[in-house]
Chemist: 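Before anything else, here's the structure in question.
Everything numeric in this text was worked out from a predicted model, so none of it was measured. Atoms within each ligand, like the ligands themselves, are counted from 1 in listed order. Residue numbers start at 1 and run along the sequence shown.
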Amino acid sequence: EKGVTPTITLDGKDYVNFASNDYLGLANAPALVQHFQDGMEKIAQIGSGASHLITGHGVWHDSLAKSLAQATGFEAALTFSTGYMANVGVIQALANKDTAIFSEKLNHASIVDGAILSRAKVVRFNHRDYDQLEALLRQHTAPQKLIITDHIFSMDGTIADLSILQKLAENHACALMVDDAHGFGLPYQAYSPFQLPFATPQADIYVGTFGKAIGTSGAFVAGSSELIDYLINFSRPYIYTTALPPVLAYVTEASVKLTQTDSSRADRLLANIDHLVTGLSVQGWQVGMGHAPCQTAIIPVLVGENALAIKLAETLKSAGFWVSAIRPPTVPVGMARLRFCVSANHTSEHIDDVLAMMKLSRQKL
Ligand code: PMP
């Protein structure tokens with residue numbers, strides 16, 4: 001019925017929400033809600049009224065794009081209505097049948113769909129298997145090559161190694177595209193000019209979304225001015241859709257600036273991640289997907305069988321905690337999991353309480 005983080009309400013009952021991408025708790029932050037209302041007063045308009053290239057594009061879209069370029073250290077940026085459209089829009093505009101796309105196996109569905117739509121040859125490489133990627137880059141000759149990866153993987157909470165990917169791209173005359181939907185606005189954002197040392201060189205194409213840490217809705221692509229000019233002219237999901245409501249651009253810009261200047265929410269998020277990961281690990285659960293301890297707000301607890309994942313999620317639900325049981329085909333057979341998503345809006349008590357329930361479940365296994 002209502003709510004985002006820390007609680008959602010269903011049938012009159014409140015649940016502590018551990019399944020949202022509202023990582024910084026900005027979706028309902030009072031200061032941003034107020035800014036949105038002020039924006040409505042000032043702009044006095046809901047819809048943009050047209051697509052960007054007709055009359056929908058306004059000063060707020062422009063101003064947001066400039067702030068996004070600054071927040072990522074790229075030359076220019078372009079907003080899209082959703083992250084799904086941004087990914088499809090870039091890939092479809094840049095790749096064609098002369099392109100080989102090297103796509104990470106765990107990439108988001110919108111990357112998979114964009115690649116299909118582009119008619120490029122798609123070569124998949126295993127999750128974080130950069131030796132295999134290198135072999136594939138050697139093996140496939142194509143006039144154009146493009147590597148595409150998520151930065152933070154949404155079902156595993158793992159992190160791509162962007163410096164290795166950058167080197168591979170350079171060595172094989174390839175472009176690199178990074179989807180940072182689950183990192184943008186967070187302390188682990190890729191290519192943040194606000195975190196020193198600033199990791200140069202950058203990817204060629206950066207995608208970020210507003211529906212997660214930023215707490216609003218929509219997305220953007222950042223890159224060189226030449227790339228952005230090209231997308232304005234050739235990206236069909238940019239050209240043939242209604243521009244975002246101007247007030248959404250207005251409030252999104254404020255939220256982006258907040259994430260780049262005020263670290264208090266990010267600090268709370270990092271403390272909450274540490275609290276939950278440590279607590280679950282001490283109880284003996286398999287936390288994270290192997291190669292490194294969980295460092296992001298996406299915390300998978302691997303349980304294996306679907307029935308067990310569902311049972312655990314239902315037990316948590318009856319105790320007032322909303323946690324997703326993620327099962328095949330979203331993840332491989334035998335790798336069902338509970339996926340906790342932590343927010344800065346969770347209190348230490350919320351985490352202690354869910355840990356107490358997990359402990360009880362563990363004792364009953
Ligand atoms: N990329 C990734 C990695 C995502 O997780 C998502 C959202 N689930 C998207 C892109 C799409 O973003 P949006 O929700 O804005 O369409």
Side-chain angles (χ1 to χ4, degrees), residues 4-5 17-24 26-27 61 64-65 68 72 77-92 101 103-118 124 127-128 146-162 165 176-186 188-191 203 205-222 231 235-238 241-245 248-249 251-252 255-256 259 289 295-300 324 326 329-331 337 339-343:
V4 51
T5 60
N17 186 4
F18 282 105
S20 168
N21 300 317
D22 180 29
Y23 300 126
L24 292 176
L26 288 174
H61 301 97
L64 171 61
L68 292 164
T72 51
L78 190 67
T79 57
F80 282 74
S81 298
T82 70
Y84 187 99
M85 291 167 74
N87 276 333
V88 169
V90 173
I91 301 168
Q92 163 270 324
I101 293 178
S103 183
E104 213 320 325
K105 200 166 175 185
L106 299 194
N107 275 345
H108 189 256
S110 50
I111 295 175
V112 175
D113 294 358
I116 293 170
L117 198 60
S118 74
R124 292 209 309 172
H127 184 45
R128 289 180 39 88
L146 173 63
I147 300 172
I148 310 180
T149 186
D150 281 9
H151 178 215
I152 314 291
F153 293 89
S154 55
M155 295 300 138
D156 287 34
T158 44
I159 309 177
D161 192 325
L162 298 182
L165 285 166
L176 174 64
M177 170 173 167
V178 174
D179 173 358
D180 200 12
H182 295 274
F184 179 63
L186 295 171
Y188 37 84
Q189 173 185 319
Y191 314 115
I205 306 152
Y206 178 95
V207 174
T209 61
F210 308 141
K212 304 183 196 300
I214 301 303
T216 66
S217 191
F220 70 100
V221 178
L231 292 177
S235 179
R236 295 166 69 87
Y238 178 77
T241 203
T242 302
L244 283 175
L248 202 53
V251 72
T252 299
S255 181
V256 169
T259 63
M289 300 306 293
Q295 291 167 297
T296 76
I298 300 167
I299 303 173
S324 304
I326 309 280
T330 305
V331 291
R337 65 201 66 175
R339 187 183 64 148
F340 289 85
C341 290
V342 180
S343 167

Chemist: Any idea which heavy atoms bring S217 and L248 closest together, and the distance?
Modeler: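 The answer is O-CD2, 3.7 Å.
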
Chemist: For A160, enumerate each residue passing the side-chain contact (heavy atoms from CB on, under 4.5 Å) test, keeping only those at least two apart in sequence or located in another chain.
Modeler: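 Only Y130, T149, F153, L162, L165 meet the side-chain contact (heavy atoms from CB on, under 4.5 Å) criterion with A160.
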
Chemist: Pairwise, report which nitrogen or oxygen atoms of ligand 1 are under 3.5 angstrom from protein nitrogen or oxygen atoms, and how far apart they are.
Modeler:
unit_1   : atom_1 : unit_2 : atom_2 : d
ligand 1 : 1 (N)  : D179   : OD2    : 2.6
ligand 1 : 5 (O)  : H182   : NE2    : 2.7
ligand 1 : 8 (N)  : H108   : NE2    : 3.4
ligand 1 : 8 (N)  : K212   : NZ     : 3.1
ligand 1 : 15 (O) : G83    : N      : 2.7
ligand 1 : 16 (O) : G83    : N      : 3.1
ligand 1 : 16 (O) : Y84    : N      : 2.9

Chemist: For residues T296 and G157, report the shortest heavy-atom separation together with the two atoms involved.
Modeler: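 It is OG1-O, 3.5 Å.
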
Chemist: Checking side-chain polar atoms at under 3.5 Å, does D179 have a donor or acceptor matched by the opposite partner on N87?
Modeler: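 Their side chains do contain a donor-acceptor pair, which is all the 3.5 Å distance test asks for.
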
Chemist: Centre-to-centre under 6.0 Å for F80 and F220, is that the case here?
Modeler: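 Between F80 and F220, the centre distance exceeds or equals 6.0 Å.
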
Chemist: Mind running side-chain hydrogen bond (donor to acceptor under 3.5 Å, both in side chains) on Y23 and H182 for me, showing each step along the way?
Modeler: CA-CA 9 Å; Y23 300 126; H182 295 274; 2.7 Å; yes

